[in-house]
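Reading through the structure tokens given below for one structure.
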Amino acid sequence: MVTQKNISPKQSAVLNATKRREFAYLYTRQHKRFRTIVDIGGVKVGNRELAIIAGPCSVESAEQILRIAREVKAAGANLLRGGAFKPRTSPYDFQGLGETGLQYLREAARETGLKVVTEILDPRHVELVTRYADCLQIGSRNMQNYPLLREVGKSNKPVLLKRGLSATYEEFLLAAEYIMAEGNAQLVLCERGVRGLPSELRFTLDLNAVPYLKERTHLPIIVDPSHGTGDARLVPAMSRAAVACGADGVIIETHYSPSESASDARQTISTDELAALVRELAQIARAVGKRVCLPEEGR
Ligand code: PEP
Ligand code: MN
């Protein structure tokens with residue numbers, strides 16, 4: 001605060017306002033002119049090549065995650081998702097396999113060469129999840145869990161931060177700031193749908209977020225059309241829309257047999273559907289100056 005005796009309160013308020021404008025948060029484009037490229041074990045997010053993150057909502061068994069990893073890789077995914085610690089609405093629903101799930105994920109990653117994105121629920125688990133994961137996912141329900149944000153901010157793992165289901169853009173960006181303020185700038189933002197008007201669908205995928213946040217921040221932004229719609233039938237269209245509006249990638253719940261998924265079965269697409277979708281995304285990517293590396297092209 002400016003507290004000089006010889007200036008009026010109004011003058012001092014104006015001075016302070018000017019100072020606030022000059023202060024640039026770490027997430028802003030004023031602070032960093034060039035776009036951030038996040039490196040997840042060698043897979044770059046935020047450059048021309050789209051991130052295609054696919055896998056089940058939950059890791060269910062060693063066989064399940066290995067088969068899905070192989071199939072999503074063949075479909076063109078470059079990163080593997082799967083929850084070992086699940087934030088379920090009911091405490092009686094499947095909560096994930098915990099560390100065993102992390103081990104299965106790591107094994108599937110080793111077999112396929114895919115890198116792993118998995119959720120961390122608890123600030124006390126940073127050391128544990130970091131041992132197995134290539135990228136720490138902060139789920140929607142934890143976007144404002146400040147102790148968790150600070151802990152992942154102290155780690156040197158890339159972070160995927162999902163937007164809170166009722167969070168404004170400002171709250172979302174300031175949650176990112178918590179992580180960056182601790183020293184971790186390897187951060188990807190993820191729009192995953194918000195609660196709007198009562199809807200027949202689970203959430204409303206807010207694609208405004210993509211071009212808007214691109215104006216406000218240098219951080220990459222990806223889209224989750226699975227949670228954003230809650231309906232597998234809508235996932236391909238909203239994935240295409242996400243790429244068309246400039247997203248740096250998509251994260252899609254995928255299973256070889258969606259109806260058998262232990263969680264989020266209704267919004268999960270099959271690995272065959274993913275393969276068809278990735279081909280469509282490749283075409284749209286070309287139109288917006290991005291690309292998808294299709295499996296037959298090799299990498
Ligand atoms: C998930 O990715 O499985 C998940 C729980 O997502 P969200 O935090 O967006 O609900
Ligand atoms: Mn899910």
Side-chain angles (χ1 to χ4, degrees), residues 40 51-60 64-65 68 72 77 79-91 93-98 101-102 104-105 116-122 125 129 133-145 148-149 152 158-167 171-172 175-176 179 187-196 199 201-207 209-210 213 221-232 234-235 238-239 242 247 249-255 257-270 274:
I40 303 179
I52 313 273
I53 310 173
C57 179
S58 313
V59 179
E60 298 162 21
Q64 176 247 20
I65 192 66
I68 293 175
V72 300
L79 292 161
L80 176 67
R81 64 147 289 147
F85 293 98
K86 295 303 302 176
R88 304 305 302 279
T89 302
S90 164
D93 285 340
F94 176 56
Q95 304 285 307
L97 296 179
L102 295 176
Y104 295 161
L105 267 171
V116 167
V117 179
T118 195
E119 182 160 356
I120 173 161
L121 282 182
D122 187 321
H125 289 167
V129 181
D134 300 291
C135 176
L136 308 175
Q137 175 177 326
I138 304 279
S140 195
R141 288 155 192 82
N142 273 318
M143 189 207 80
Q144 286 179 312
N145 181 340
L148 179 61
L149 300 179
V152 300
V159 176
L160 176 65
L161 177 66
K162 290 187 138 194
R163 180 179 179 190
L165 37 100
S166 297
E171 289 162 344
F172 190 17
I179 296 170
L187 180 55
V188 179
L189 303 180
C190 178
E191 164 58 40
R192 49 77 71 210
V194 290
R195 288 239 160 94
S199 159
L201 299 175
R202 193 176 180 197
F203 292 102
T204 299
L205 187 62
D206 175 18
L207 289 181
V210 176
L213 292 173
I221 173 149
I222 68 164
V223 169
D224 175 348
S226 309
H227 294 86
T229 61
D231 186 333
L234 277 59
V235 166
M238 297 315 285
S239 303
V250 283
I251 176 166
I252 300 177
E253 289 186 335
T254 314
H255 197 291
S257 177
S259 62
E260 289 176 53
S261 306
S263 52
D264 286 350
R266 287 189 52 220
Q267 66 194 37
T268 298
I269 66 169
S270 70
L274 180 73

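Note that the coordinates shown come from a computational prediction; the quantities given were computed from them, not determined experimentally. Residue numbers start at 1 and run along the sequence shown. For ligands, and for the atoms within them, numbers begin at 1 and follow the listed sequence.
- Under the 4.5 Å side-chain criterion, counting only non-hydrogen atoms from C-beta, Ser261 is not in contact with Cys57.
- In this structure, Ile65 and Glu60 have side chains that are not in contact, with every pair of non-hydrogen atoms separated by 4.5 Å or more.
- Checked against ring-ring contact (aromatic ring centres under 6.0 Å, His included), Phe85 has the following partners two or more places apart in sequence or in another chain: His125.
- Scanning for salt bridge (charged side-chain N to carboxylate O under 4.0 Å, His left out) contacts around Glu191 gives Arg163, with sequence neighbours left out.
- For the side chain to side chain donor-acceptor pair (under 3.5 Å) with Ser140, the lone residue among Lys162, Glu119, Arg192 that qualifies is Arg192.
- Not a single donor-acceptor pair under 3.5 Å links the side chain of Ser226 to the backbone N or O of Ile252.
- Excluding waters, the count of protein N/O/S atoms less than 2.8 Å from the Mn ion (ligand 2) comes to 4.
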(request) Would you please test Arg81 and Glu253 for salt bridge (Lys or Arg N to Asp or Glu O under 4.0 Å) and show each step? (result) CA-CA 8 Å; Arg81 64 147 289 147; Glu253 289 186 335; 3.4 Å; yes

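- The local environment of CZ in Arg202 is crowded, with over 12 non-hydrogen atoms from other residues, nucleotides or ligands closer than 6.0 Å.
- Residues of the protein with a heavy atom under 4.0 Å from ligand 1 are Cys57, Arg81, Lys86, Pro87, Glu119, Gln137, Gly139, Ser140, Arg141, Lys162, Arg192, His227, Glu253, listed by chain and number.
- When every heavy atom of Leu189 is checked against every heavy atom of Phe172, the shortest pair comes out as CB-CZ, 3.7 Å.
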